[in-house]
Amino acid sequence: MGGSNSGCCLAFTLRYSSSWCFALCHEETWTLCSCFCNGTCVQIRPIDHQVSEFDLFTLDDIDSAFQNITRLTYSQNYHISGKGEGIVIAPHVAGHLLGGTVWKITKDGEDVIYAVDFNHRKERHLNGTVLESFVRPAVLITDAYNALNNQPSRRQRDQEFLDAIMKTLRADGNVLLPVDTAGRVLELILILEQFWEQHKLAYPIFFLTYVSSSTIDYVKSFLEWMSDSIAKSFEHTRDNAFLLRHVKLLINKSDLESVPDGPKVVLASMGSLEAGFSHDIFVEWVSDTKNLILFSERGQFGTLARMLQADPPPKAVKVTMSKRVPLVGEELAAYEEEQNRIKKEEALKASLIKEEESKASLRTELPVNDQMVLDANNTHSSSNAIGQRSEAFRDVLIDGFLPPSTSVAPMFPFYDCSSEWDDFGEVINPDDYVTKDVNMDQMLMPVDGDLAGKLDEGSVSLILDTTPSKVVSTELTVQVKCSLIYMDFEGRSDGRSIKSILAHVAPLKLVLVHGSAEATEHLKQHCLQHVCPHVYAPQIEETIDVTSDLCAYKVQLSEKLMSNVLFKKLGEYEIAWIDAEVGKTENGMLSLLPLSSPAPPHKTVLVGDIKMADFKQFLASKGVQVEFAGGALRCGEYVTLRKVGDASQKGGSAAIQQIILEGPLTEEYYKIREYLYSQFYAP
C-alpha cells in the first residue's frame, strides 16, 4: 500500500480513485466529463486541443481501458476470482460526487474501508455518506485534506454564495465561476436554478464547457443515484431537477460573445484557470472592478486559481495566452516533407516484412514421400517452376497461410464451429447479442434543439481535425481589479465532522493520505488519543504493512451440535450460546462438535444495546412515570437510570458502557430492573 498526496494505491483497488469508481483525474492533464455509468465516470477528454499539444493517450486508449471495467451498483458485492479468490468488494455512497464511492473490501471476515473524499452532509443533488454505518473495520484508509477546516451551516453558506452573486449583478457586473465539467458543478447549477425560479430573476446564467449539453443530458438519466428528494420529486410529479429553465448550455466561447452586453453569470471550465474557457474569460473580465471571480473549490498548488486565493491576492498576474494556427510557408513544407519521409520509411519497412514472410513460406520443404516430389536431376527446372508459381501465390503466402508439411500447396484453414445443444435447443451466449460499441454521434448529441450540429464543429473537430497546425503562446500581465471570493463547495466533510465520524467508526488501524503535512499530523495526533492506537501517515511511494494480527479459521458446525442449540431473536439476528470442542471431519476440515463432558457454567452476558429514549417510551407504556432530568432517566419517584461511558470514544479495545440503576430497594426498584433486563438477551 503506497501513500500519496492525491489518493491512495491499494493493492487491489484503483490508484487515485479519490471516491470515483474509476477516475483518471488530474486537472491540468485531462478532465472528467458527464456520462456517469452506474457510479463510474465514463467519458474522459483531453484539455483544450486549441491551446495545447496532447499526446499522452488517445480516444482508442480510453475505449481499451473501459473495456476492462466492471460496472457495479451501490451495495453490490463483487466476488473476485482467480488470484483474488476470497476477496469481496462492495461500493457504497461517498456523498462527494455523483457516483462517488466508499469501497469496502472484505477478506476472511475482516473489512478494509477505503474512504477518501466523503461528505456526511445531505445536499440538493446527493445524499450523505454511509461511512458511519461501518463499525470496527480492520483498516480504514481516509484523507486528512479537510482536517483543519471548519464549515458554516449549509444554509448560511448558500445564502452568502447567492448574496455575493446578486450584489455583483445588481451593480452591473459579471460573475465567473471556474468549475469542473461534471462534478461539483451540478450542485452549483441546482442552487442557481432554484433561486432564479423562486425569485423570477432575468439575469442570464451560462454553463460553458465543451461537453455541457451531453453532461446535463446524461445527468437527467441518473436521478436514482441522487438525493432522496430529487428521486421522490421525479417519482411523484415526473419533475426532473435538471430540466434547466434558467441555465443555458454553451459549448463555444463564440456563443457567449454573441450574447448582448449586460450582467451575467458564467460557469466555465476549468477550475484551475490554467486552461479552458475560464482562463480566457478571466483575462477579459479581471481588470473590471464591477466583476466577480467566485471560486467554489481550492486551487491546486502552483495554479493560477491558488495564486488568486492567497490573502491578500496579487495585484497583477502573468498569464499565458495560447492559440492554434495552421502551418504556412516553410513550416508547412518542412512538415509535409517530414510526413512523406515517415510514410516512405513505413512503406519500406512493411515491404521488407512482406518479403521476409514470402521467403519463409517458399523455404518450406515438401515431405520426402510425397508423390509430387520431382527427381533430383530436375532441380533447376523445379526451382524455376517454384519461382514462377511464387508470383501467383505470393498474395496468399504473405497473408499468413503457410502450407502444412503434408500438402503441396498453400491451404486455407477450416474450423468446424459446431454449436452446443441442450434439452431446450441450441445454447445461446447472451454476450453475442450485447452491443458494446457506443455510437460517438449519440454520445455527443446535444440536449437542446438550438445546439443541433454545433458539437460536430465544437468538440469533435478539435479531436478529429488533421490540418497541420501549431500552438502559439504569448505571455502578458493583467491587473487584478475585480473582486475575488472563495467559498467552500467542494463537498467534503470538515475537520470537526471527520473526527466525529472516525471516533464512531473506531477502526482497529487507520491510514491517513491526501492532505498537507500540517493537516495530516494534526489528525494523526487526534486519532492516536481518541480513535485507535495504530495510525499511519505514509509518505509518497512509502510502503506500510497493515496486516491483521488476527488469525481466521473456517470451521463447520456439525448437525449434531446444531440440533441442540437454542436460538433467540435479537433485532434482525438470532443468537445463541454454544459450548463445543474442535474436531476434524473425514475430509480433514475443522468442525465444532458437542462436548464430550458436561458444559462448564458461564457468567451471564447481556447482549445488545439500549437507547434511553426508547426505554423511556417502553416504561411509559407499562404505566411508569418517567422523565429525563440532569442527563439521567428518572423512573417513578425514587429510581434513577443513567449511562456511564461514551461508546463513541474507543481506544485499542472497545470501551465498556455501563448502565447504573440507583434507588432504594423497593418493589418499584425491582420492577424497573426487570423491565431493564427484558431489553437485553442474557444467554
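If you read the sequence from its start, that first residue is 1, and numbering goes on from there. What you see below is based on every heavy atom in this structure, not just the backbone, and it leaves out hydrogens, waters and symmetry mates.
- For Glu475, the side-chain hydrogen bond (donor to acceptor under 3.5 Å, both in side chains) criterion is met by no residue, not counting sequence neighbours.
- Here the side chain of Asn119 pairs no donor or acceptor atom with the backbone of Gly128 at under 3.5 angstrom.
- Contact detail for Leu223 and Lys220: the closest heavy-atom pair is CG-O, 3.4 Å.
- Between the side chains of Ser497 and His120, a donor-acceptor pair is found at a separation under 3.5 Å.
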Practice task
Given side-chain hydrogen bond (donor to acceptor under 3.5 Å, both in side chains), test Thr58 with Asp61 step by step and report yes or no.
Solution key: CA-CA 5 Å; Thr58 65; Asp61 296 329; 3.3 Å; yes
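- A salt bridge links Arg298 to Glu490: one of the charged nitrogens lies within less than 4.0 Å of a carboxylate oxygen.
- One N or O on the side chain of Ser133 and one on the backbone of Val130 form a donor-acceptor pair closer than 3.5 Å.
- Residues that satisfy the salt bridge (Lys or Arg N to Asp or Glu O under 4.0 Å) test with Arg154, not counting sequence neighbours, are Asp158.
- Shown here are the salt bridge (Lys or Arg N to Asp or Glu O under 4.0 Å) partners of Lys264, two or more places apart in sequence or in another chain: there are none.
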Exercise for the section: Test side chain to side chain contact (heavy atoms under 4.5 Å, CB included) on Leu177 and Val266 and set out the steps. Expected result: CA-CA 6 Å; Leu177 286 87; Val266 178; over 6 Å; no
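- Counting only residues at least two apart or on different chains, the salt bridge (charged side-chain N to carboxylate O under 4.0 Å, His left out) pairs with a member in residues 187-204 are Glu197-Lys200.
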Exercise for the section: Show your working on side-chain hydrogen bond (donor to acceptor under 3.5 Å, both in side chains) between Asn127 and Asp228 and close with a plain yes or no. Expected result: CA-CA 7 Å; Asn127 288 324; Asp228 295 336; 3.1 Å; yes
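- Within the structure, the salt bridge (charged side-chain N to carboxylate O under 4.0 Å, His left out) test picks out no pair touching residues 161-177 (sequence neighbours left out).
- A donor-acceptor distance shorter than 3.5 angstrom exists from the side chain of Thr215 to the backbone of Val211, with no hydrogens or angles considered.
- Remark: the backbone N or O of Thr320 is not paired with any side-chain donor or acceptor of Ser322 at under 3.5 angstrom.
- Note: Thr142 OG1 to Leu523 CG = 8.0 Å, rounded to the nearest 0.5 Å.
- In this structure, the side chain of Ser500 does not engage the main chain of Arg496 through any donor-acceptor pair within 3.5 Å.
- Side-chain contact of Asp111 with Thr106: a donor-acceptor pair under 3.5 Å is present, judged by distance alone.
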Handout entry: Asp255 and Ser258: CA distance, side-chain angles, deciding distance, side-chain hydrogen bond (donor to acceptor under 3.5 Å, both in side chains) verdict
Key = CA-CA 5 Å; Asp255 297 334; Ser258 63; 5.1 Å; no
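- Proximity of Met226 to Leu98: side-chain heavy atoms (C-beta onward) are separated by under 4.5 Å at one or more points.
- No side-chain donor from either of Ser269 and Thr209 sits under 3.5 Å from a side-chain acceptor of the other.
- Here the closest non-hydrogen pair linking Ala268 and Phe277 is CB-CB, 4.1 Å.
- Considering all non-hydrogen atoms of both residues, Thr129 and Val93 come closest at OG1-O, 3.0 Å.
- Summarising the geometry, atom NZ belonging to Lys248 is positioned 13.0 Å from atom OG belonging to Ser212; distances are rounded to the nearest 0.5 Å.
- Atom CG of Leu148 and atom NE2 of His522 lie 5.5 Å apart (nearest 0.5 Å).
- Proximity of a side-chain donor or acceptor of Asp494 to a complementary backbone N or O of Gln151 within less than 3.5 Å is detected.
- Under 4.0 Å is where a charged nitrogen must lie from a carboxylate oxygen, and between Glu160 and Arg155 no such pair does.
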Practice task
I would like to know whether Leu192 and Leu162 meet side chain to side chain contact (heavy atoms under 4.5 Å, CB included); could you show each step before the answer?
Solution key: CA-CA 8 Å; Leu192 294 172; Leu162 294 169; 4.2 Å; yes
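- Contact check for Val286 versus Asn291: no side-chain heavy atoms found under the 4.5 Å cut-off.
- No side-chain heavy atom of Leu304 sits under 4.5 Å from any side-chain heavy atom of Ser272.
- Aromatic pair Phe134/His92: ring centres closer than 6.0 Å.
- The OH atom of Tyr203 lies 8.5 Å from the CH2 atom of Trp196; values are rounded to the nearest 0.5 Å.
- Pro263 and Pro204 make their closest contact through O-CD, 3.4 Å (heavy atoms, listed as atom of the first residue, atom of the second, distance).
- Between His96 and Phe118, the distance separating the two ring centers is not shorter than 6.0 angstrom.
- Two residues are said to be in side-chain contact when any heavy atoms from C-beta on lie closer than 4.5 Å; Gln194 and His199 fail this criterion.
- When every heavy atom of Cys527 is checked against every heavy atom of Leu502, the shortest pair comes out as SG-CD1, 3.7 Å.
- Within 6.0 Å of CD on Glu518 lie no more than 12 heavy atoms contributed by other residues, nucleotides or ligands.
- Remark: Arg306 is positioned above the aromatic ring of Phe301, its terminal NZ or CZ atom under 6.0 angstrom from the ring centre and at most 45 degrees off the axis.
- Using a 4.5 Å heavy-atom cutoff, the side chains of Leu188 and Leu267 are in contact.
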Practice task
Determine, stepwise, if the pair Glu297 / Arg492 fulfils salt bridge (Lys or Arg N to Asp or Glu O under 4.0 Å).
Solution key: CA-CA 10 Å; Glu297 60 183 20; Arg492 295 184 175 93; over 6 Å; no
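- The side-chain heavy atoms of Tyr210 and Ile251, taken from C-beta on, include no pair separated by under 4.5 Å.
- Thr101 places no side-chain N or O within donor-acceptor distance of the main-chain N or O of Trp103, the cut-off being under 3.5 Å.
- For Ser296, there are no side-chain hydrogen bond (donor to acceptor under 3.5 Å, both in side chains) partners at least two apart in sequence or on another chain.
- For the atom pair Asn77 CG and Leu72 CG, the distance stands at 9.5 Å (nearest 0.5 Å).
- At most 12 non-hydrogen atoms from other residues, nucleotides or ligands lie less than 6.0 angstrom from NZ of Lys318.
- When all heavy atoms of Asp117 and Asp143 are compared, the closest pair comes out as N-OD1, 2.9 Å.
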Practice task
Apply the test side-chain hydrogen bond (donor to acceptor under 3.5 Å, both in side chains) to residues Gln76 and Thr73: give CA-CA distance (whole Å), side-chain angles for both, the deciding distance (0.1 Å), then the verdict.
Solution key: CA-CA 6 Å; Gln76 175 185 348; Thr73 59; 3.2 Å; yes
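- We find the CZ-OH distance between Phe295 and Tyr486 to be 11.0 Å, quoted to the nearest 0.5 Å.
- Side chain of Thr303 to backbone of Gly299: no donor-acceptor contact under 3.5 angstrom is found.
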Exercise for the section: With side chain to side chain contact (heavy atoms under 4.5 Å, CB included) as the test, would you mind laying out the steps for Tyr145 and Val513 before giving the verdict? Expected result: CA-CA 8 Å; Tyr145 187 76; Val513 297; over 6 Å; no
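- A distance-only check finds no donor-acceptor pair linking the side chain of Thr237 to the backbone of Phe234 [under 3.5 Å].
- The aromatic rings of Phe242 and His125 lie perpendicular to each other, with more than 60° between the two planes, well past the 30° mark.
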